[in-house]
Structures are given as structure tokens and as C-alpha cells.
Amino acid sequence: MKTRVLGIETSCDETAVAVVEEGRLLRSNVIASQLEMHARYGGIVPEVASRQHVLAMTPTVYRALDQAGVTLGQVDAVAVTHGPGLAGALLVGLNAAKALAFTLNVPLVGVNHLEGHIYASWLLDEAPDSKPGFPLLCLIASGGHTDLLLMADHGRYHLLGRTRDDAAGEAFDKAARVLGLGFPGGPYIQRVAVGATGAEWLPRAWMKETHDFSFSGLKTALLHRAQVLGLYPGPLEGPERETLVRELAWAFQESVADVMVTKTLRAAREHGAKGIVMGGGVIANARLRELILERSDLPVVAPPPVLCTDNGAMIAACAAFQLKRGQVHTLSLDVEPGARIG
Ligand code: KG4
Ligand code: ZN
């Protein structure tokens, strides 16, 4: 019989539920986004997020079951993100998962959100542990984290480097705000950068020999340049503004992609990784994906954009491997807003 896991993710602004079989086969992946609600405020409002999760949770669970063509009684385990993330948002998913696990009398599996981003790659046709195989160099780049890890085996991570200030996604979001673009910033920056001529250039923070990142200097450099050019707070408008916004968005994206790709490849070389696995919202970035494929001698595994941003499928996939190791939780599991891996 196949192990069927229901995965629940509510760490930030997506109420996401999915059904995954054997940790690899995606049966459904439903994402109820609150983006429109938060975009009005230019960022995530934690209390709004929690309340929206409460409203969306039950219908999203039913939609995920419906799409998978399974009943609640056919669920073998319930997986849920218990950190890192917004405490109030995590609590909604965790309590729903506990209620389901209790009433269905199946195991509850608490999953680290960042580890979930890695396991999105196990939903692809080829499992990264069979090809290219361990050890794998993992780059997680999301709205709250930018981590480089060496994954020696399932559930075994060694943290090599992380951001010392802003996460890559956070930097994209702040840059978009300075350029007068929408929220979340990554997709907007990517869109307007297409077709830019490369007339602008922004600095890169290499952080010496470490595997750490820093994006706050880049953010400040962008802000200064936008002020000098009259883009922020104004007064430039019209086609001239549009061209300069395009050029700065391009320069910003080039800087982030160049630093992340260069440092990921260096860490992979230094630690003898057999391949690179990437995950997290920023990995949806087309330029970053293009650049790493261009430069890497090692196989690079990256999920399609819909599995890079937050989803329940990655949580269910990760949980299936935890289940195999007997790593389950009791109903006293708590949220861990500041959880890390490695
Ligand atoms: O993983 P994720 O969905 O949520 C967190 O766990 O934080 O990541 C969200 C982040 C946002 O900062 C967003 O701007 C960024 O991912 N992002 C992108 C792209 N799509 C989403 N950044 C760059 N390029 C994109 N295409
Ligand atoms: Zn995430």
C-alpha cells in the first residue's frame, strides 16, 4: 500500500494543502494565496495572515482531497510546517493538523519549512538522492532565509553559510518598493528587467572566503542610485522613468544572481558535492536559474516555480522521509517560529 501524506503549510501568507504519495508522487497541490490582501499594505501583516488562514483552512483541505480523489479516511499521515515562520500563522496550520491526526488516528509529522523547500525537489521525476546522489549542496533562498547547506543524507544537514542581514527575497521586495513596483517584489523585478540594456551596474558583496551572504549594501546602493536618478521618491515620470526602472531592476537582479550562483558553486566545489539542489521563492527567478545552469559543471536540481514558492506538497514530501525514519510527533508539538536547520 502507498503511504499517502496530507501536507499543510501556513507559515506565511499561503494556506496550502497537498496530497503526496510515497513522498514523491504529487496527487494534488492547492494554494490559497492571500497576496491581494497583503499587497495593499506593501508587505505581510501577521494578524491578517492568521485570520485568513482560519478562513481558508477547511475549504483548502477539502479541495486538496477532492483534487487527489481521496477521502479523509485514506490519509495515512498528516504533515505540517511547525517553523520557521509567523507564530500566529503557524498555529493555525498546526492546530488543524493536530485535529486531523487525532480524529483520523494517524501520525502527526512536524516539518521544518526550510527542509520542506529542499524536498520540493523530490517531487521531480528523478529523486536527487538517486541522481546525482549525496552529498548535495542546497541553496535555500526565500523571503526570510538565504542558507547554504551540505546535505549528507536524508535529514542530515551541515550549515555552511547564511545571510548576515536581509534574505534574498526580502532584498527583492525592498528593491521593488524603491522602484515603485508591486509586492512581492521578485516577480515584478524579473518582469521589468526583461529587455533592459545593461546600462546600470550595482555592487556585489562577496563576504571574503566565507559562505555567508549580505544584501543590505546592495539595497543601499540601489536606493542611492534611485535617489540620484530622481526615481525615489520622485519626481521622474513617464517613459524616461520606465527605462531607468528597467535598468536598475536588471542591475539588481544581476547582482543577486551573480553572488548566489558564484558562492553556491564555490561551496559545492569546496565540499565535494555531487550536485546542487535549490528551493525557496527566489529560486523561481528565471535569470538565477539560467545563470547557474550556464556556469555549473555539476547537475543542478530546481523545482518548477510553483514548487519553489510556499506549498503543502514540499511539506508532505519531506514528512514521508521523516516517517521512514520514525520521526513523528505527539499532539503536544508546538510552533517554532525561529527554527533553523543545520
Ligand atoms: O519561499 P517563499 O514563497 O516564502 C518564504 O518562505 O519566505 O518566498 C517568497 C519570496 C518573496 O520575497 C518573493 O519576492 C520571492 O520569494 N520571489 C522571487 C520570485 N518569485 C518569488 N524572487 C525573485 N524572482 C522571482 N521570480
Ligand atoms: Zn518558504
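Basis for what follows: all heavy atoms, side chains included, without hydrogens, waters or symmetry-related copies. Counting convention: from 1, in listed order, for ligands and their atoms alike. Please read these numbers as outputs of a predicted model, since none were measured by experiment.
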Going by the order shown, which atoms of ligand 1 are within less than 4.0 Å of some heavy atom of [X]?
| X | result |
| --- | --- |
| Thr309 | 3 (O) |
| Pro184 | 13 (C), 14 (O) |
| His117 | 1 (O), 6 (O) |
| Gly185 | 14 (O) |
| Gly143 | 5 (C), 7 (O), 8 (O), 9 (C), 10 (C), 12 (O) |
| Gly144 | 7 (O) |
| Pro187 | 19 (C), 20 (N), 21 (C), 25 (C) |

For the residue pair [X] and [Y], confirm or rule out a side-chain donor-acceptor distance under 3.5 Å.
| X | Y | result |
| --- | --- | --- |
| Asn285 | Gln253 | yes |
| Asp165 | Ser214 | yes |
| Thr10 | His53 | no |

What is the ring orientation for His117 with His113, classed by angle as parallel under 30°, tilted 30 to 60°, or perpendicular over 60°? perpendicular
For Trp122 and Phe321, take the angle between the two ring planes, folded into 0 to 90°, and tell me which bin it lands in: parallel under 30, tilted 30 to 60, perpendicular over 60.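 The rings of Trp122 and Phe321 stand perpendicular, inter-plane angle above 60°.
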Would you please determine whether Cys12 falls within less than 4.0 Å of ligand 1 on a heavy-atom basis? no
Is ligand 1 less than 4.0 angstrom away from at least one heavy atom of Gln253?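 In this structure, Gln253 fails to qualify as a contact of ligand 1 - no heavy atom is under 4.0 Å.
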Closest by any non-hydrogen atom to atom 4 (O) of ligand 1: pick that one out of Ile44, Asp310, Ile189, Ile140.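 Of the listed residues, Asp310 has the closest heavy atom.
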Look at atom 15 (C) of ligand 1 and find which of Ser142, Gly281, Gly43, Ala176 reaches it with the closest heavy atom. Gly281
Starting from [atom], locate the nearest protein heavy atom and write down its residue, its atom name and how far away it is, to 0.1 Å.
| atom | result |
| --- | --- |
| atom 24 (N) of ligand 1 | Asn285 ND2, 3.0 Å |
| atom 14 (O) of ligand 1 | Asp173 OD1, 2.7 Å |
| atom 22 (N) of ligand 1 | Gly186 CA, 3.3 Å |
| atom 26 (N) of ligand 1 | Gln190 OE1, 2.8 Å |

Could you tell me whether [X] and [Y] make a salt bridge, using a distance below 4.0 angstrom between a side-chain N and a carboxylate O?
| X | Y | result |
| --- | --- | --- |
| Asp258 | Arg295 | yes |
| Arg4 | Asp76 | no |
| Asp166 | Lys174 | yes |
| Glu22 | Lys2 | no |

Is Lys98 close enough and on-axis enough to Phe102, meaning under 6.0 Å and within 45°, for cation-pi? no
Given the ring of Phe134, does Lys274 sit roughly above its face, with NZ or CZ under 6.0 Å from the centre of the six-membered ring and within 45° of the axis? no
Would Gly280 count as a polar contact of ligand 1, with the cut-off being nitrogen or oxygen pairs under 3.5 Å?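 Between Gly280 and ligand 1 (N or O atoms, distance only) the closest approach is not under 3.5 Å.
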Answer yes or no for His113: is there an N/O/S atom below the 2.8 Å cut-off from the Zn ion (ligand 2)?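 An N, O or S atom of His113 is closer than 2.8 Å to the Zn ion (ligand 2), so yes.
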Report yes or no: does Cys12 have an N/O/S atom closer than 2.8 Å to the Zn ion (ligand 2)? no
Trace of the side-chain hydrogen bond (donor to acceptor under 3.5 Å, both in side chains) decision for Asp129 with His154: CA-CA 8 Å; Asp129 54 337; His154 289 286; 2.7 Å; yes
Which atom, among the N/O/S set of Asp310, is closest to the Zn ion (ligand 2)? OD1
Looking only at heavy atoms, is any part of His113 under 4.0 Å from ligand 1, and if so is it the side chain, the backbone, or both, or is it neither?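 For His113, the contact with ligand 1 is made by the side chain alone.
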